[in-house]
Amino acid sequence: MKIIDTEAMWVEIPLIPLAEGGISPYRGHNLPIGKGLVNASSLIYKIVTDEGIIGWGESNRIINRDTHFAIFENLIKPAILGKDPYDVFTICSQLLRSVETPIASNGIISGIEIACWDIIGQACGQPICNLIGGQIREKVEIAYCLGIYSEEETIEKIEQIKAQNYSVIKTKGGENVELDIRRAHFFREQLGNEIKLRIDMNQAYDVSEAIRYLNGVDELNLEYIEQPIPTNQFSALQSLRARAKTPIAINEDCYIRHNLYECIKRNAIDIAVVDLDQIGGITRMTKISNLCSEAGIPLAHHCGFDMGIKLAAILHVNAALEAFTHAMDSTYMGHQDDILKEKIVIENGSYKVPELPGLGIVVDEEKIRRYTIDK
């Protein structure tokens, strides 16, 4: 089997406004007050084989759209035409050596890699989870992701989430320590003790601020605090973990080569939050999962405002890989649409893992045309 054609498309889908039960504008500490994300954006890949099988991939780790299209047209497309999609590891290893910026290249290449796995699964008549170890989970719990809103908006949103039977919420922090502590207490008061709460600081604190925050929330039984300090500060993470009752997770550190291993070696973290885009795809994620399983470090999957294709890939990874014991972050519920013929099913706060061969989804090409933004 050979790849005979491939195409990349930039797609944007609006998020549902908060006032209409959605999550827009989605704001973290690094966006100005009153502003935030109002659209989900992804690069969608279509790979066609000489046997008529079409594979789909998605990446939303997009740093610069024009640059990514240039890399795709000039490096990736010529490199994969004529290749056998079964040689997915070799294809991606060669592509990674061709692109010099690791995080950006991982993002672009992960979409190609997902599409190759989709083709392999269809050719074998098996869902991807069966090809990477076998399905051990039929459902994947969802951590409902929220930005920073007013107290009134937050109360209303929490009531909606409770009514829909979600049991895990993730929100943002990092504005300032005192405000973040008050907000964490406010969330716990509204949620009660039956709903898990995780908070992402996106590297906002220095070490002293992180210590103050952790001291202020230790009684709240948070599931974890995510990336409280900047990357590459291994000794500081060790110190935080030794002082705190609240579990410490990393996210951005996972996407710098060897940092996750270093954190594990130093006993500096409790949890790792990973993403197919920045890791480089399904094949490399299996290696990360095996490492973490051996080290006793649980994994949760990050959210990139996924439109259906990448979400399906995430579900297969969660379904098959042992280390993914924590709920996956998601905003899919807050999108106005996706690019699938049928939406991925949510039941009682969990996704059902698609059962059809490959990714197990049917992509709606008319929707892709409708939402595509011209290059």
Side-chain angles (χ1 to χ4, degrees), residues 1-9 42-60 76 80-93 95 106 108-140 274-277 279-290 301 306-324 328 332 338-345 351-365 368:
M1 182 162 52
K2 303 296 181 185
I3 296 170
I4 61 171
D5 195 17
T6 182
E7 183 180 2
M9 296 146 282
S42 284
L43 205 55
I44 305 300
Y45 301 92
K46 178 181 181 181
I47 294 181
V48 182
T49 72
D50 59 355
E51 296 184 6
I53 300 175
I54 296 174
W56 293 94
E58 176 185 354
S59 171
N60 38 47
I76 293 178
I80 68 174
L81 290 177
K83 295 292 196 300
D84 187 337
Y86 278 98
D87 294 331
V88 58
F89 180 76
T90 301
I91 290 170
C92 292
S93 296
L95 288 175
N106 280 350
I108 241 186
I109 291 164
S110 70
I112 298 296
E113 201 252 16
I114 289 169
C116 287
W117 274 107
D118 189 24
I119 292 167
I120 294 167
Q122 291 179 64
C124 294
Q126 292 291 327
I128 290 171
C129 59
N130 283 357
L131 303 178
I132 57 172
Q135 187 169 356
I136 59 175
R137 301 179 184 96
E138 294 182 356
K139 295 182 179 180
V140 177
V274 294
D275 194 302
L276 282 171
D277 271 0
I279 293 295
I282 293 169
T283 307
R284 295 184 70 185
M285 189 66 85
T286 61
K287 298 179 180 181
I288 293 293
S289 175
N290 291 338
H301 201 285
D306 314 300
M307 294 184 181
I309 296 171
K310 183 182 165 193
L311 174 56
I314 294 168
L315 293 177
H316 284 287
V317 163
N318 273 259
L321 302 183
E322 181 183 24
F324 282 95
M328 63 166 287
Y332 183 68
D338 62 13
I339 52 175
L340 306 181
K341 292 276 190 181
E342 295 183 6
K343 291 184 74 70
I344 292 174
V345 176
Y351 287 116
K352 289 189 67 176
V353 178
E355 298 177 350
L356 296 175
L359 288 170
I361 54 173
V362 180
V363 172
D364 189 328
E365 296 196 54
I368 291 180

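Remember, it's a predicted structure, so these values are computed and weren't measured experimentally.
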Report the C-alpha separation of Ile112 and Ile47 in whole Å, then their side-chain angles, then the decisive distance to 0.1 Å, and conclude whether the side chain to side chain contact (heavy atoms under 4.5 Å, CB included) test is met. CA-CA 8 Å; Ile112 298 296; Ile47 294 181; 4.1 Å; yes
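- Contact annotation: the side chain of His316 approaches that of Pro354 to within less than 4.5 Å [non-hydrogen atoms, C-beta and beyond].
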Quick one: do Gln122 and Asp118 satisfy side chain to side chain contact (heavy atoms under 4.5 Å, CB included)? Show the steps, please. CA-CA 6 Å; Gln122 291 179 64; Asp118 189 24; 3.2 Å; yes
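- Between Phe324 and Ile136, every side-chain heavy-atom pair lies at or beyond the 4.5 Å cut-off.
- Residues Leu276 and Val317 meet the side-chain proximity criterion, which asks for heavy atoms closer than 4.5 Å.
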Checking salt bridge (charged side-chain N to carboxylate O under 4.0 Å, His left out) for the pair Asp5/Lys46: CA distance, chi angles, key distance, verdict? CA-CA 8 Å; Asp5 195 17; Lys46 178 181 181 181; over 6 Å; no
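- Asn60 has its side chain out of reach of Leu43: every pair of non-hydrogen atoms, C-beta onward, lies at least 4.5 Å apart.
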Derivation of the side chain to side chain contact (heavy atoms under 4.5 Å, CB included) call for Ile279 and Asp277: CA-CA 6 Å; Ile279 293 295; Asp277 271 0; over 6 Å; no
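- In terms of heavy atoms, Ile120 sits closest to Pro85 at CD1-O, 3.5 Å.
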Test Ile4 against Thr49 for side chain to side chain contact (heavy atoms under 4.5 Å, CB included), laying out the working first. CA-CA 5 Å; Ile4 61 171; Thr49 72; 5.7 Å; no
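- Between Lys2 and Glu51 there is no salt bridge, since no side-chain N of the basic residue sits under 4.0 Å from a carboxylate O of the acidic one.
- Within 6.0 Å of atom CD in Gln135, more than 12 heavy atoms from other residues, nucleotides or ligands are found, so the atom counts as buried in its surroundings.
- By the 4.5 Å heavy-atom criterion applied to side chains, Tyr45 and Ile309 are not counted as neighbours.
- We find the OG-CG distance between Ser110 and Asp275 to be 7.5 Å, quoted to the nearest 0.5 Å.
- Shown here for Ile114 and Trp56, the closest heavy-atom pair between the two residues is CG2-O, 3.6 Å.
- In terms of heavy-atom proximity, Glu322 sits nearest to Arg137 at O-NH2, 2.9 Å.
- Taking all atoms of both residues into account, the shortest heavy-atom contact from Ile54 to Ile119 is C-CG1, 4.1 Å.
- A donor-acceptor contact closer than 3.5 angstrom is absent between the side chains of Tyr332 and Asp306.
- Considering every non-hydrogen atom in both Ile361 and Ala312, the closest pair reads CG2-CB, 3.8 Å.
- Between Trp117 and Ile132 the shortest side-chain heavy-atom distance falls below 4.5 Å.
- Considering all non-hydrogen atoms of both residues, Cys129 and Ala320 come closest at O-CB, 3.5 Å.
- Annotation: the span from Ile368 atom CD1 to Met307 atom CE amounts to 10.0 Å, rounded to 0.5 Å.
- Counting only heavy atoms from C-beta outward, the side chains of Lys352 and Glu138 never approach each other to under 4.5 Å.
- In this structure, Tyr86 places its OH atom where more than 12 heavy-atom neighbours from other residues, nucleotides or ligands lie under 6.0 Å away.
- Side-chain atoms of Ile282 and Glu113, non-hydrogen and from C-beta on, do get closer than 4.5 Å to each other.
- Atoms CD and CG, from Glu58 and Leu311 in turn, are 8.5 Å apart once rounded to the nearest 0.5 Å.
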